[in-house]
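Please see the structure below; I have some questions.
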There are 2 protein chains.
Amino acid sequence: MSVTLTDISQALGLSVSTVSKALNGYRDVAPETRDRVLSMAQAMGYHPNTAARNLRRQRTDKIGLLLNTPIMDINDYLVEVMAGSALAAEQLGYNLVLYTNATDRSEALLRLCRTREVDGVLLIWTHVPDTAIDLLQSEGVPAVVFGRRVDHPTASYVAPDNYAGMRALMDHLLGLGHRRIGFFGRPALRTTHEDRLAAYQDALAQAGIPFDPDLVVTTRLEPNSGYLAMQRLLDLPEPPSAVFAFHDGLALQAIRAAAERGLRIPQDVAVAGFDGWRSGLFANPPMTTVQLPLREMGQRAVSILLERIEHPDLPPVREIFPVELVVRASTAGDV
Amino acid sequence: MSVTLTDISQALGLSVSTVSKALNGYRDVAPETRDRVLSMAQAMGYHPNTAARNLRRQRTDKIGLLLNTPIMDINDYLVEVMAGSALAAEQLGYNLVLYTNATDRSEALLRLCRTREVDGVLLIWTHVPDTAIDLLQSEGVPAVVFGRRVDHPTASYVAPDNYAGMRALMDHLLGLGHRRIGFFGRPALRTTHEDRLAAYQDALAQAGIPFDPDLVVTTRLEPNSGYLAMQRLLDLPEPPSAVFAFHDGLALQAIRAAAERGLRIPQDVAVAGFDGWRSGLFANPPMTTVQLPLREMGQRAVSILLERIEHPDLPPVREIFPVELVVRASTAGDV
DNA sequence: AGGTACCACGAAATCGATTTCGTGTCAAGG
DNA sequence: CCTTGACACGAAATCGATTTCGTGGTACCT
């Protein structure tokens, strides 16, 4: 069995109250007594029982990271967000708990909220259903949505500037002379998809290029969705000379599909991604992408969440982060 | 505030004991009473307080997944293990908590053990220091080491058959006619490194090829360690015609280094990895590798751990899993 | 009738730490 | 000499759920 406060108090002939206060830095403990308690605790290997402490303090010092994908679909994007969040949480004295369940997720969300397992949640739900937001708000659970805009009046979120990023990428591709540009969409991601598609269409319009619906294909959360999408585009009677993939993971698959047909990249077909996955740097050829400041966004999301835990009545915070076009060899061979 | 047992008991004019028993399926509750309790709990939105329940039951129904890398170094290998573990844990009624802290990890380990935050730990520590094992054993914390052999007499582990996998890979490369084969080592991974290196040397010896120390380079946990290692090998006066990278992540970097020099793969230099990363499949060209059954190993590790939680005195379990050579275009261009 | 056996429920202890409140001691100040 | 107040400590309530034990009541058997 573990060492408890009672054990220490008995060993020293003190009361549990005094021992607890000594360990927690209360002022009404004699310095000499404090020293005795501290060294005895050290000697006996005491560590406070988490459950007991949580129960009494009515808080857990934990925040939940809720992903909307199965664990096996954790990717570069999520890892960066997790890393940023973990860093901020650690600095601010909180622990991060990862929740990503295989089956039903709304059930998990409910449990988290109501069993008070965590003090607040960070939703890395790129397609958060509005019902979940409503639920959280009505339960009074502090929450921040990561990665997309949300309309709910009291919800906070942190999101990238998808429109600006997509415009920058389109300007780059158009500047290289491409006029038929494929677009891997992801309608399930809602506002993210809408923003990027809007930027795509606006850029075409501004360049005087008619919009061709055949160049827009839909991808899903499947291991080879990008591979299939690329095949479809390449099978068109008039295939594109450049392709935009909704994220770099899809772009890597697109490269493979092109390579299998013996197409050279970027001479025969240019490929660009989005989000700035680390593995895009080590792709062959290295991937042009739009870099999101995911690490910083993750940190910021956590600090917003913690403010909200301390002060539940604060007004919501919405932040849009600037993004950066990174040009590499998959579109511009000589860079 | 949340709904508690007391709230329900007062609403129904019952005692907390009866309410608790009704919810927990005890037999000494009248069917009619049970129904009343259940529907009232439903109506009031009751969910048991985790801290209180953990405190009383002296268990958390959680197991800790302890990684020895910062969160940002989560990769395909770890994701597969996590996915397998999560699946098994969920099926067996346990939650998985991910621990990977940025700074000091032995401190985290200690806290986990002693504060009873989890019922047991799965150590995905590819280079578990023996002191950590000793610590766990002396604290009596149920634990299973994932990914490498461990010598400690009472420690359980689950590991791949590195030697056999490496031999199979070498036989493949030697069969293609390669006689100068580079080897990316990773001495920090101890037994894993030793086993693979031994297989490398044994295979060479059996083929009558002298061992050349210049072909063995060391890699570390750095974002571009494989890239640098490949450059070193390619700079040799007599560069290798094939290269083995310690894992597929390094192999991807090696491909990039080769591609930057205009070398064709596998015609000018063949590249093979290990561990069977998913992204190796979408590499350009797709990567030859040794596939580890990580998902199954993760599941098995969890089930071993849970057995040990239920019955702490069981003898240790050590399991070595068979691996499979997967040949792709990075070594055999026409496959 | 008396005893046994269940049945359905409540009282109360318990898990381990935190925190409020109270108490005795001693020194300083009027 | 008495009061005031700081000081150092202990008693006890508390957080919310679980679980043991006990108690009336009813049915059944001899």
Side-chain angles (χ1 to χ4, degrees), chain A residues 1-38 40-42 44-62 93 111-119, chain B residues 1-38 40-42 44-62 93 111-119:
Chain A
M1 225 47 237
S2 292
V3 181
T4 70
L5 277 191
T6 308
D7 297 334
I8 299 182
S9 71
Q10 285 174 352
L12 289 174
L14 292 170
S15 73
V16 274
S17 334
T18 305
V19 175
S20 172
K21 283 186 281 196
L23 292 171
N24 287 308
Y26 279 63
R27 287 184 300 96
D28 60 345
V29 176
E32 190 224 2
T33 307
R34 181 187 309 281
D35 291 344
R36 288 206 304 144
V37 170
L38 258 47
M40 180 59 84
Q42 177 78 27
M44 297 178 70
Y46 169 77
H47 282 257
N49 179 295
T50 304
R53 154 173 263 173
N54 288 350
L55 175 58
R56 177 63 228 223
R57 309 219 337 233
Q58 295 290 79
R59 50 184 292 183
T60 62
D61 295 335
K62 293 190 210 301
R111 275 207 354 174
L112 271 183
C113 308
R114 293 184 167 150
T115 60
R116 305 287 158 182
E117 282 196 31
V118 296
D119 297 338
Chain B
M1 227 48 241
S2 290
V3 181
T4 70
L5 277 191
T6 309
D7 297 334
I8 299 183
S9 71
Q10 285 174 353
L12 290 173
L14 292 170
S15 72
V16 274
S17 333
T18 305
V19 174
S20 172
K21 283 186 282 196
L23 292 171
N24 287 306
Y26 279 63
R27 286 184 299 101
D28 58 345
V29 176
E32 189 223 3
T33 308
R34 180 188 309 281
D35 290 344
R36 288 205 305 144
V37 170
L38 258 47
M40 178 59 83
Q42 177 78 29
M44 296 177 73
Y46 169 78
H47 282 258
N49 180 297
T50 305
R53 154 173 264 176
N54 288 349
L55 175 58
R56 176 63 230 222
R57 310 223 330 234
Q58 296 290 83
R59 50 184 291 183
T60 62
D61 294 336
K62 292 189 211 302
R111 274 207 354 176
L112 271 183
C113 309
R114 293 184 167 150
T115 59
R116 305 286 157 183
E117 282 196 31
V118 295
D119 298 339

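Residue numbers begin at 1 in each chain, while the letters A, B, ... track the order of the sequences.
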- Pairwise side-chain contact, Val19(A) with Met40(A), heavy-atom cut-off 4.5 Å (strictly under):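 They are not in contact (no side-chain heavy atoms under 4.5 Å apart), so the answer is no.
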- Using atom CZ of Arg34(A) as one end and atom P of dC7(D) as the other, report the distance to the nearest whole Å. 13 Å
- Message: Both Arg27(A) and Arg53(B) contact DNA chain D. Taking the nearest nucleotide for each, which residue is further toward the 5' end?
- Response: Arg27(A)
- Query: Taking the side chain of Pro48(A) as its heavy atoms from C-beta onward, which of dA8(C), dG16(D), dA17(C) lies nearest to it?
  - Reply: dA17(C)
- Note on the structure: Asp35(B) CG to dA8(C) P, in whole Å, measures 13 Å
- Task: Measure from CG on Leu12(B) to C1' on dA8(C) and round the result to the nearest Å.
- Result: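 Result: 15 Å.
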- Respond yes when some side-chain nitrogen or oxygen of Ser17(A) is under 4.0 Å from OP1 or OP2 of dT18(C), and no when none is.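 No, because none of the side-chain N or O atoms of Ser17(A) sits under 4.0 Å from OP1 or OP2 of dT18(C).
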- Message: With a 3.5 Å distance limit and no angle check, can you tell me whether Thr115(B) reaches the backbone of Thr50(A) through a side-chain donor-acceptor pair?
- Response: no
- Compare side-chain N and O positions of Thr18(A) against OP1 and OP2 of dC9(D) and report whether any pair is under 4.0 Å apart. no
- Item | Pairwise 5' ranking along DNA chain C for Ser20(A) and Leu55(B), keeping only the more 5' one |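 Looking at DNA chain C, the more 5' nearest nucleotide goes with Leu55(B).
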- Once each nucleotide of nucleotides 22-27 of chain D is scored for protein heavy atoms under 4.0 Å, what B/S/- sequence comes out, 5' to 3'? ------
- Message: I want to verify a distance call: between dA17(C), dG16(D), dA8(C), whose nearest atom is closest to the Thr4(A) side chain?
- Response: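 Side chain of Thr4(A) sits closest to dA17(C).
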- Task: Output yes when at least one side-chain N/O atom of Asn24(A) is less than 4.0 Å from OP1 or OP2 of dA17(C), else no.
- Result: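 The answer is no; no side-chain N or O of Asn24(A) sits under 4.0 Å from OP1 or OP2.
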- Compare side-chain N and O positions of Ser2(B) against OP1 and OP2 of dG16(D) and report whether any pair is under 4.0 Å apart. no
- Message: Can you measure Leu23(A) atom CG to dT19(C) atom P for me and round it to whole angstrom units?
- Response: 13 Å
- Task: Take atom NE2 of His47(B) and atom C1' of dA17(D), then tell me their distance rounded to the nearest Å.
- Result: 15 Å
- Arg56(A) side chain N/O closer than 4.0 Å to the phosphate oxygens (OP1, OP2) of dT19(C)?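 False: Arg56(A) side-chain N/O out of range (4.0 Å or more) of dT19(C) OP1/OP2.
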- Query: CZ of Arg59(B) versus P of dT19(D): gap in Å, rounded?
  - Reply: 10 Å
- Item | Nearest-Å distance for atom pair CZ/P, residues Arg57(A) and dT19(C) |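 To the nearest whole Å, that distance equals 7 Å.
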- Side chain of Leu14(B): nearest nucleotide among dT14(C), dC9(C), dA17(C)?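 Looking only at side-chain atoms, Leu14(B) lies closest to dC9(C).
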- About how many Å separate CG of Asp119(A) and CG of Asn54(A), when rounded to the nearest 0.5 Å?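 Here the interatomic distance stands at 8.0 Å.
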Give the table of side-chain donor-acceptor pairs shorter than 3.5 Å for residues 20-33 of chain B, with sequence neighbours excluded, one pair per line with atom names and distance.
| residue | atom | partner | partner atom | Å |
| --- | --- | --- | --- | --- |
| Ser20(B) | OG | Asn24(B) | ND2 | 3.3 |
| Asn24(B) | ND2 | Ser20(B) | O | 3.0 |

- Rounded to whole angstroms, how far apart are CG on Leu5(A) and P on dT19(C)?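 In whole Å, dT19(C) P and Leu5(A) CG are 12 Å from each other.
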- Kindly say if Gln58(A) contacts the phosphate of dT14(D), meaning a side-chain N or O under 4.0 Å from OP1 or OP2.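 No, no such contact exists.
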- Is there a side-chain contact between Arg53(B) and Asn49(B) (heavy atoms, below 4.5 Å)?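 When only atoms from C-beta onward are counted, Asn49(B) and Arg53(B) do not touch, as no gap falls below 4.5 Å.
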- Task: Could you walk me through whether Val37(B) and Leu12(B) pass the side chain to side chain contact (heavy atoms under 4.5 Å, CB included) test, one step at a time?
- Result: CA-CA 8 Å; Val37(B) 170; Leu12(B) 290 173; 3.9 Å; yes
- Partners passing salt bridge (Lys or Arg N to Asp or Glu O under 4.0 Å) against Asp61(A) (at least two apart in sequence or in another chain):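 Applying salt bridge (Lys or Arg N to Asp or Glu O under 4.0 Å) to Asp61(A) gives Arg57(A), Arg59(A).
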- Most 5' of Ala51(B) and Tyr26(B) on DNA chain D, judged by nearest nucleotide: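 Result: Ala51(B).
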- Side-chain N or O of Ser15(B) closer than 4.0 Å to phosphate OP1/OP2 of dC9(C):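 Indeed not, no polar side-chain atom of Ser15(B) lies that close.
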- Item | Shortest non-hydrogen contact between Tyr46(A) and Thr4(A), atoms and distance | CE1-C, 3.8 Å
